[in-house]
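Worth saying up front: this structure is predicted, and the values here are computed from it rather than measured. For this chain, numbers begin at 1 and follow the sequence in order.
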Amino acid sequence: QVQLVESGGGLVQAGASLRLSCTAAGLTFEYYTMGWFRRAPGKEREFVAGINWDGPETIYADSVKGRATISRDNAKHTLYLQMSNLKPEDTAEYYCAATGHSGTNRSDDEYPFWGQGTQVTVSS
């Protein structure tokens, strides 16, 4: 059974930094493309960042480009999202997701495995 567990969310002030983590179990982590998505209140879930398994190749949503860094530690089966200069519009539930598809994927339809999410709230 695949399990993805996010952590690291919280309440921060605008301009602060935060590192989210996602620990994976039940899959051969090093062979999975991983992604971060988020859902803000009243909005659709959106892609934030992705990292493939064999690059690492990374991609980012325009809204976080330059402020976010996705990385992975295959030995620890852990995915990270480092975010800096946080803005109130970054407030959302953040989810990690895994897919066996190669390359990097922006569509949540491509990801069969999801975590429960971690809340990030940025106050102005």
Contact check, side chains of Ile51 and Thr33, non-hydrogen atoms, under 4.5 Å: no

Main-chain N/O of Tyr111 paired to Thr99 side chain as donor or acceptor, under 3.5 Å: no

Exam field: side chain Tyr95 to backbone Arg45, donor-acceptor pair closer than 3.5 Å: no

Common cluster, Tyr31/Trp114, ILVMFWY with side-chain heavy-atom separation under 4.5 Å: no

Inter-residue atom distance Met34.CE - Cys22.SG, 0.5 Å rounding: 4.5 Å

Mutual orientation of the aromatic rings belonging to His77 and Phe29 [parallel < 30°, tilted 30-60°, perpendicular > 60°]: parallel

Rounded distance [0.5 Å steps], OG1 in Thr121 versus CD in Glu93: 9.0 Å

Arg72 side chain near Trp53 side chain, heavy-atom distance below 4.5 Å: yes

Expected output: side-chain Thr78 to main-chain Lys76 donor-acceptor under 3.5 Å: yes

Listed partners of Glu6 passing side chain to side chain donor-acceptor pair (under 3.5 Å), at least two apart: none

Donor-acceptor contact below 3.5 Å, side chain Tyr60 vs main chain Ile70: yes

Side chain proximity check, Phe47 to Asp108, heavy atoms < 4.5 angstrom: no

Salt bridge flag under 4.0 Å for residues Asp62 and Lys65: yes

Arg38 with Glu46: basic N within carboxylate O range, under 4.0 Å: yes

Side chain Ser21, main chain Tyr80, donor-acceptor under 3.5 Å: no

Gln119 side chain reached by Thr91 side chain, heavy atoms, under 4.5 Å: yes

Full working for side chain to side chain contact (heavy atoms under 4.5 Å, CB included) between Val122 and Lys87: CA-CA 6 Å; Val122 184; Lys87 305 175 181 180; 5.5 Å; no

Pairwise side-chain contact, Ser7 with Thr118, heavy-atom cut-off 4.5 Å (strictly under): no

For Ala68 against Met83, the heavy-atom pair lying closest together: CB-CG, 4.2 Å

same_hphob_cluster(Leu27, Leu79) at 4.5 Å side-chain heavy-atom cutoff: yes

Backbone of Glu30 reached by a side-chain donor or acceptor of Thr28 within 3.5 Å: no

Path from Val64 to Leu18 over hydrophobic side-chain contacts below 4.5 Å: yes

Side-chain donor/acceptor of Ser124 to backbone N/O of Pro88, under 3.5 Å: no

For Cys96 against Leu4, the heavy-atom pair lying closest together: SG-CB, 3.7 Å

Side chain Asn105, main chain Ser107, donor-acceptor under 3.5 Å: no

Arg67 (side chain) donor-acceptor with Asn85 (main chain) under 3.5 angstrom: yes

Whether over 12 other heavy atoms sit under 6.0 Å from Gln116 CD: no

Tyr32 side chain near Phe113 side chain, heavy-atom distance below 4.5 Å: yes

Minimum side-chain heavy-atom gap Leu81-Arg19 below 4.5 Å: no

Side-chain heavy-atom pair Arg106, Phe37 within 4.5 angstrom cut-off: no

